[in-house]
Amino acid sequence: MIVTRFAPSPTGYLHIGGLRTALYSYLWAKRNNGKFLLRIEDTDLARNSKEAAEAIKEAFQWVGLDFEGEIVYQSERFDLYKRYVQELLDAGKAYRCYMSKEELDALREEQTARKERPHYDGRYRDFTGTPPKGVEPVIRIKAPTSGVISFVDGVKGEVSFNASDMLDDFIIARSDGTPTYNFVVVIDDALMGVNEVIRGDDHLSNTPKQIILYEALGFDVPKFYHVPMILNPEGKKLSKRDGAMDVMAYQKEGYLPETLLNFLIRLGWSHGDQEIFSMEEMIAFFDPSHINKSASAYNQEKLLWLNSHYIKEASYERLIEALRFFDVDLAPHPKKELLIDAVRDRAKTLVEFATMIRQIVDAPKTYDEKAIEKFLDTKAVEILSEYKNTLKNAPTLEKASEFETLTKNFLEERGLKLKDLAQAIRIAMVGNSVSPSIFEVLEIIGFVHVIERIEALIIYKKGV
RNA sequence: GACCCCAUCGUCUAGUGGUUAGGACACCGCCCUCUCAAGGCGGGAACGGGGGUUCAAGUCCCCCUGGGGUCGCCA
């Protein structure tokens with residue numbers, strides 16, 4: 001059985017790069033009827049892991065990912081790590097090092113000055129004498145000093161490192177007794193049964209260290225997949241400066257979760273030429289061996305295109321639900337389906353969607369001056385006024401087609417074209433020169449309110 | 001600096017020795033049209049450079065260049 005995991009450190013929110021590796025891990029587990037686990041890497045006690053876990057849960061819930069069992073917190077497993085440190089100590093595979101921080105810094109400085117790679121020199125590796133007083137030792141692993149460490153990465157292929165220029169006896173437990181990252185990752189992955197690790201390729205250089213630990217501890221080495229970074233549109237490393245990093249920001253900006261997932265899966269992974277993937281397809285097709293080897297740049301236009309795609313596809317219920325977040329409740333609206341269909345092709349985000357809805361549903365409070373100047377000269381106001389009278393004398397109109405017939409007859413009698421009236425009606429209805437098809441808008445607004453809105457514009461125009 | 005990874009249109013990518021180098025986003029043009037969109041049709045646009053290997057190289061090898069990552073008692 002394939003077991004994958006997502007193991008973020010608590011940063012307070014889930015960022016999109018993290019969501020992508022989480023998605024890949026999730027998909028790969030699902031595809032293989034395996035398990036996808038969640039672990040919070042909070043060995044650094046300074047940061048609040050509960051809050052971070054809540055943020056991750058919220059984001060997972062929003063996009064529809066779930067994980068198996070309970071969240072594992074590393075901060076709750078210190079006793080466990082201690083046991084394994086002791087085990088390595090007893091086996092002579094790790095040792096106490098009494099070098100002080102100052103000494104280490106000095107050593108590193110010298111090495112750098114000599115243009116050498118800064119590294120620990122192993123001075124306590126075989127130390128048997130009396131330890132210096134007043135120094136709380138760190139625990140270091142006895143790493144191989146020669147040979148080659150290689151592994152087959154599921155994305156990059158075979159990767160190998162020379163132990164001599166890669167490794168030193170790195171620290172597995174700090175002087176305060178707490179374990180370090182490389183050590184706890186290995187322990188937890190092994191104990192949790194994680195056998196396929198999908199993670200960012202910034203971890204590629206850590207991998208040989210972890211392999212050393214797997215072997216020292218007698219655990220099986222998992223299969224690794226190192227996925228390349230996401231770059232900003234300029235091709236540089238993605239940072240907070242580039243805008244939305246927090247997954248939940250995408251909700252606020254009006255993206256559907258299916259958009260984000262589809263966007264992310266396609267950023268760095270492909271299945272032939274296919275662009276659109278449902279969750280079922282993602283699970284059916286995702287294979288980490290098709291992950292691209294090179295980094296990919298974030299592409300806002302494509303995100304927007306995907307979002308408009310999913311808005312076009314979404315069911316009425318889905319949209320009504322998603323729109324609640326933006327304080328738009330369409331559920332009681334008598335023409336909600338017509339309204340949604342009138343707007344959906346025009347909105348790239350739900351923010352725009354909500355704005356357009358409000359513009360139709362709420363009578364205009366102001367009018368766009370430029371539109372008035374351009375389309376409402378005296379002649380146009382006259383026509384609009386006559387049109388209003390015609391409406392008033394007509395039986396109550398209901399359907400868009402009824403408005404259309406009446407309007408066309410009205411125009412024909414006067415030898416006018418739709419062009420001569422459409423913009424005036426539009427300004428009356430929504431306050432500016434842009435809206436969905438006017439006849440649909442008229443139906444949505446309803447006969448009585450249509451007349452009111454036209455009258456309001458005429459009065460406004462006279463007042464000016 | 002050392003080590004490791006990477007390199008196809010502006011961007012996301014297909015390509016696994018023989019292709020007119022394909023698709024998508026974006027862009028441009030045309031059509032549709034009551035505005036704006038949407039939609040339809042069409043267009044421009046790429047194998048970083050240099051050496052090899054081979055009958056044949058975007059595809060394999062080497063070098064260069066350019067990006068990125070890692071070198072913590074952070075994760």
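Convention: sequence-line order gives letters A, B, ...; per-chain numbering from 1. The figures here come from the full heavy-atom set of this structure, side chains too, leaving out hydrogens, waters and symmetry mates.
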Rounding to a whole Å, what distance do you find between [X]:[atom1] and [N]:[atom2]?
X        : N     : atom1 : atom2 : result
A:Lys156 : B:U70 : NZ    : C1'   : 13 Å
A:Lys312 : B:A37 : NZ    : C1'   : 9 Å
A:Trp305 : B:A24 : CH2   : C1'   : 6 Å
A:Tyr367 : B:U35 : OH    : C1'   : 17 Å
A:Glu275 : B:U13 : CD    : P     : 10 Å
A:Glu440 : B:A38 : CD    : P     : 16 Å
A:Asp105 : B:C73 : CG    : P     : 9 Å
A:Leu107 : B:C71 : CG    : C1'   : 14 Å

So, is [X] close to the [N] phosphate, meaning a side-chain N or O under 4.0 Å from OP1 or OP2?
X        : N     : value
A:Thr407 : B:C34 : no
A:Lys293 : B:A7  : no
A:Ser270 : B:A14 : yes
A:Arg39  : B:A75 : no
A:Asn292 : B:A14 : yes

>> Which is more 5' along RNA chain B, the nucleotide nearest A:Val155 or the one nearest A:Thr180? Just name the residue.
In response: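 Upstream on the strand: A:Val155.
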> Taking for each residue the nucleotide of RNA chain B bearing the nearest heavy atom, is the 5' side occupied by A:Glu158 or by A:Val138?
Replying inline: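 Closest to the 5' end, via its nearest nucleotide, is A:Glu158.
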Looking only at side-chain atoms of [X], point me to the closest of [options].
X        : options             : answer
A:Arg117 : B:C34, B:G1, B:A37  : B:G1
A:Arg108 : B:C36, B:G72, B:A75 : B:G72
A:Ala297 : B:G72, B:A26, B:C12 : B:C12
A:Gln74  : B:A75, B:C3, B:G1   : B:A75
A:Leu204 : B:C34, B:C25, B:C5  : B:C5
A:Glu301 : B:C73, B:U35, B:C25 : B:C25

>> With no hydrogens and no angle check, just 3.5 Å: does a side-chain donor-acceptor pair link A:Tyr124 and A:Asp169?
In response: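 Absent: no donor and acceptor within the cut-off.
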Pairwise [atom1] distance, [M] and [N] [rounded to whole Å]:
N     : M     : atom1 : value
B:C63 : B:A46 : C1'   : 24 Å
B:G1  : B:C9  : P     : 27 Å
B:G23 : B:C6  : C1'   : 23 Å
B:G67 : B:G72 : C1'   : 25 Å
B:C61 : B:A24 : P     : 32 Å
B:U11 : B:U16 : P     : 23 Å
B:G22 : B:A14 : C1'   : 6 Å
B:G49 : B:G10 : P     : 13 Å

> Just by modelled atom types, is the A:Pro10 backbone N or O under 3.5 Å from a matching donor or acceptor in the A:Glu41 side chain?
Replying inline: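 Checking the backbone N and O of A:Pro10 against the side chain of A:Glu41, no donor-acceptor pair under 3.5 Å is found.
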Does [N] pair with anything, Watson-Crick or G-U wobble, both distances under 3.5 Å, and if so, with which nucleotide?
N     : answer
B:A56 : none
B:G17 : none
B:C25 : B:G10
B:U33 : none
B:C47 : none
B:A2  : B:U70

> Do the ring planes of A:Trp269 and A:Phe286 sit parallel (below 30°), tilted (30 to 60°) or perpendicular (above 60°)?
Replying inline: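 Taking A:Phe286 first and then A:Trp269, their aromatic rings sit tilted (interplane angle of 30° to 60°).
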> Angle class for the A:Phe161/A:Phe151 ring planes (parallel below 30°, perpendicular above 60°, tilted otherwise)?
Replying inline: parallel
>> Can you confirm whether A:Lys417 is buried at NZ, in the sense that more than 12 heavy atoms of other residues, nucleotides or ligands lie under 6.0 Å from that atom?
In response: no
> Roughly how far, to the nearest 0.5 Å, is the OG atom of A:Ser433 from the NZ atom of A:Lys374?
Replying inline: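 Going from the NZ atom of A:Lys374 to the OG atom of A:Ser433 covers 7.0 Å.
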Against the six-membered ring of [Y], is [X] placed for a cation-pi contact (under 6.0 Å from the centre, within 45° of the normal)?
X        : Y        : result
A:Arg414 : A:Phe410 : yes
A:Arg140 : A:Tyr120 : yes
A:Lys209 : A:Phe170 : yes

> Counting only non-hydrogen atoms, which of residues 260-268 of chain A are less than 4.0 Å from RNA chain B?
Replying inline: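 Under 4.0 Å from RNA chain B: A:Arg266, A:Leu267, A:Gly268.
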> Contact class for A:Ser9 vs. all strands (heavy atom < 4.0 Å): base, sugar-phosphate, or nothing?
Replying inline: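 Here A:Ser9 touches the backbone only, sparing every base.
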>> Quick check: any donor-acceptor pair below 3.5 Å linking the side-chain of A:Lys302 to the base of B:C12?
In response: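 Between B:C12 and A:Lys302, which were checked side chain against base, a qualifying N/O pair under 3.5 Å is present.
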> Side chain of A:Ser175, base of B:C73: donor and acceptor closer than 3.5 Å?
Replying inline: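 Answer is yes: a donor-acceptor pair is held.
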>> Tell me the closest heavy-atom pair linking A:Glu443 and A:Ala400, and the distance in Å.
In response: OE1-N, 2.7 Å
